[in-house]
Amino acid sequence: MKTFLTHYECSACQATYEPEGLKTLCPACGKPLLARYDLDAARAALSRAELARRGKSLWRYRELLPVDDEAAIVSLGEGMSPLLQAPRLAQRLGLRHVWVKDEGQLPTGSFKARGLAVAVSLAKRHGVSAVAIPSAGNAAGALAAYAARAGMQAVIFIPADAPAINKVECLAAGAQVFFVRGLINDAGAMVAKGTARYRWLDVSTLKEPGRIEGKKTMGYELVEQLGWDVPDVIVYPTGGGTGLIGMWKAFAEMERLGWIGSKRPRMIAVQAEGCAPIVRAFEAGREESELFEGAATVAAGIRVPKALGDFLILRALRESGGAAVAVSDREIVAAVETLFRLEGIFAAPEGAATVAALERLVARGEIGKDERVVLFNTGSGLKYPGVVEKSAPTLEPDADYTPLLDAELGA
Ligand SMILES: *Cc1c(COP(=O)(O)O)cnc(C)c1O
């Protein structure tokens with residue numbers, strides 16, 4: 001199987017490393033390594049027309065992924081999530097073109113499937129038998145699934161108050177699970193502690209190069225789905241920021257491939273007011289974030305008080321002319337209902353946060369009415385049954401319900 005991977009490059013000190021072997025953080029400075037490709041050769045070998053003929057998983061971009069052995073691919077069919085028009089939402093906001101890239105339809109119900117499909121495949125390629133992860137919830141569920149499929153042992157450290165379904169996923173898939181009375185960064189420190197002793201691969205966000213490569217395929221897909229064009233604005237719920245950094249990398253790669261021009265979307269990072277380290281750093285003009293104390297939000301996937309790749313997120317936001325926006329949990333919960341009612345999309349609270357952020361940006365006059373806006377719904381609302389607190393009357397089988405309905409529907 002052909003990959004155009006040539007080497008790995010440190011995202012901070014630019015040191016380069018050979019493409020062979022399993023990679024973790026930069027041995028020189030401890031920052032994330034990024035996969036680099038011979039894009040000129042790929043440009044000559046791989047056409048957009050050829051891509052159009054391929055299957056709909058993210059492995060359609062396999063030449064631009066770091067796995068060089070087809071037999072190592074561990075797949076549950078992840079990729080090519082639908083790009084859904086949202087005309088009623090757009091109209092309500094006074095906009096013309098709003099789409100939702102619905103990642104809630106991927107295996108395990110979130111876009112974490114992308115990163116972990118590639119990370120686990122890379123691990124398998126290099127003979128790894130155990131993988132460990134700290135996770136706010138969905139990454140744990142995805143790792144449990146992909147590790148099971150690969151026949152690998154998964155060791156998972158997840159906050160004790162993570163969404164119940166995420167815990168069940170991990171347990172049902174046969175992972176070794178620990179509930180941590182703390183947040184994802186506490187869990188991360190616990191994984192790091194065990195790494196030398198147990199020789200597991202730590203597949204934390206950005207601690208190995210596979211997860212970002214998997215998530216960058218969102219950028220490739222989006223451009224392909226828009227007829228090889230970029231949108232004007234991307235609104236993305238940001239925790240560790242892998243997807244945002246990954247898409248920014250994908251756009252640069254696609255320009256070198258001759259698939260898009262130099263135009264870039266404005267990247268908007270959305271966080272919850274209860275955990276907004278990137279928003280704070282962006283507003284303060286800083287290049288890195290500070291640990292956000294007391295982080296709390298219903299949007300568990302973006303409850304990341306300090307991201308390893310914060311400097312990369314902030315760089316992408318600024319280079320793109322974008323912004324960072326914080327929204328309240330009240331707005332997030334309201335947005336879950338808004339998106340479901342108007343468009344039939346049951347979003348995770350993280351995904352719904354993008355709707356709340358878009359409302360703010362429109363109110364502030366930061367989005368032109370003809371601009372093409374893409375919201376990322378990163379997970380399925382089905383994984384968060386407790387978020388929408390609504391009730392309905394309970395009836396005896398012989399009850400007369402017409403007095404209740406007459407008022408609603410008219411007799
Ligand atoms: C993990 C997660 C996020 C944040 O993703 P990053 O790319 O790491 O910022 C957003 N939404 C959901 C549903 C998640 O599970």
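Just follow the structure's listing: the first ligand is 1, and inside any ligand the first atom is 1. What you are looking at is a predicted structure, and each value in this text was computed from that prediction instead of being measured.
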> Counting heavy atoms not belonging to Glu50, are there more than 12 under 6.0 Å from its CD?
Replying inline: yes
> So do Arg96 and Glu371 actually touch side chain to side chain, heavy atoms under 4.5 Å?
Replying inline: no
Can you produce the list of protein nitrogen or oxygen atoms under 3.5 Å from a nitrogen or oxygen of ligand 1, alongside each distance?
residue: ligand 1; atom: 7 (O); partner: Lys215; partner atom: NZ; Å: 2.9
residue: ligand 1; atom: 7 (O); partner: Tyr236; partner atom: OH; Å: 2.5
residue: ligand 1; atom: 7 (O); partner: Thr242; partner atom: N; Å: 3.2
residue: ligand 1; atom: 7 (O); partner: Gly243; partner atom: N; Å: 3.0
residue: ligand 1; atom: 8 (O); partner: Gly240; partner atom: N; Å: 3.2
residue: ligand 1; atom: 8 (O); partner: Gly241; partner atom: N; Å: 3.3
residue: ligand 1; atom: 8 (O); partner: Thr242; partner atom: OG1; Å: 3.2
residue: ligand 1; atom: 9 (O); partner: Gly239; partner atom: N; Å: 2.7
residue: ligand 1; atom: 9 (O); partner: Gly240; partner atom: N; Å: 3.2
residue: ligand 1; atom: 9 (O); partner: Gly241; partner atom: N; Å: 2.6
residue: ligand 1; atom: 11 (N); partner: Thr378; partner atom: OG1; Å: 2.6
residue: ligand 1; atom: 15 (O); partner: Lys112; partner atom: NZ; Å: 2.9
residue: ligand 1; atom: 15 (O); partner: Asn138; partner atom: ND2; Å: 2.9

> Can Lys306 be said to sit on top of Phe292's aromatic six-ring, NZ or CZ under 6.0 Å from centre and within 45° of the ring axis?
Replying inline: no
>> Check for me whether Lys23 meets the cation-pi criterion with Tyr17, that is, NZ or CZ under 6.0 Å from the six-membered ring centre and within 45 degrees of the ring axis.
In response: no
> Aromatic rings Tyr220 and Tyr61: how do their planes relate, parallel, tilted or perpendicular, breaks at 30° and 60°?
Replying inline: tilted
> salt bridge (Lys or Arg N to Asp or Glu O under 4.0 Å) between Glu366 and Arg266: does it pass, once the steps are laid out?
Replying inline: CA-CA 11 Å; Glu366 288 180 29; Arg266 302 202 296 286; over 6 Å; no
